[in-house]
Amino acid sequence: MNCPNCGSENIEFIANTQSKNRSCLSWILMFLLFFFTLGIGLIFWIIMLATNKKTITKTRAICRNCGHQWDV
């Protein structure tokens with residue numbers, strides 16, 4: 001792989017990990033599931049509370065010659 005900025009092959013790869021909370025839409029959908037299934041959705045509600053965070057891993061490449069960074 002070559003740097004798109006300078007064309008060098010001296011590249012380092014870094015994995016960035018980010019944690020995100022679930023979105024408002026997913027909470028609303030889980031509430032509707034709970035409401036319309038008369039409590040059976042409570043199991044899914046508890047699962048969502050236990051697994052509230054989502055982890056996203058992105059890999060970035062950094063050129064060691066010019067310092068240019070980009071997503072891989």
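Source: prediction; values computed, not measured. Along the sequence shown, residues are numbered consecutively beginning with 1. Only this structure's heavy atoms are used, side chains among them; waters, hydrogens and symmetry mates stay out.
Ile11 shares a hydrophobic cluster with Met1, Phe13, Trp70, Val72; the chain of contacts runs through ILVMFWY side chains whose heavy atoms sit under 4.5 Å apart. Listed by chain and number, the hydrophobic cluster partners of Ile62 are Ile14, where partners are ILVMFWY side chains within reach of under 4.5 Å, directly or through others.
Every side chain to side chain contact (heavy atoms under 4.5 Å, CB included) that Glu9 has, sequence neighbours left out, goes to Asn2.
Looking only at side-chain heavy atoms (C-beta outward), His68 and Pro4 come within less than 4.5 Å of each other.
Here salt bridge (charged side-chain N to carboxylate O under 4.0 Å, His left out) pairs that include residues 61-72, with residues two or more places apart or in two chains, are Glu12-Arg64, Arg60-Asp71.
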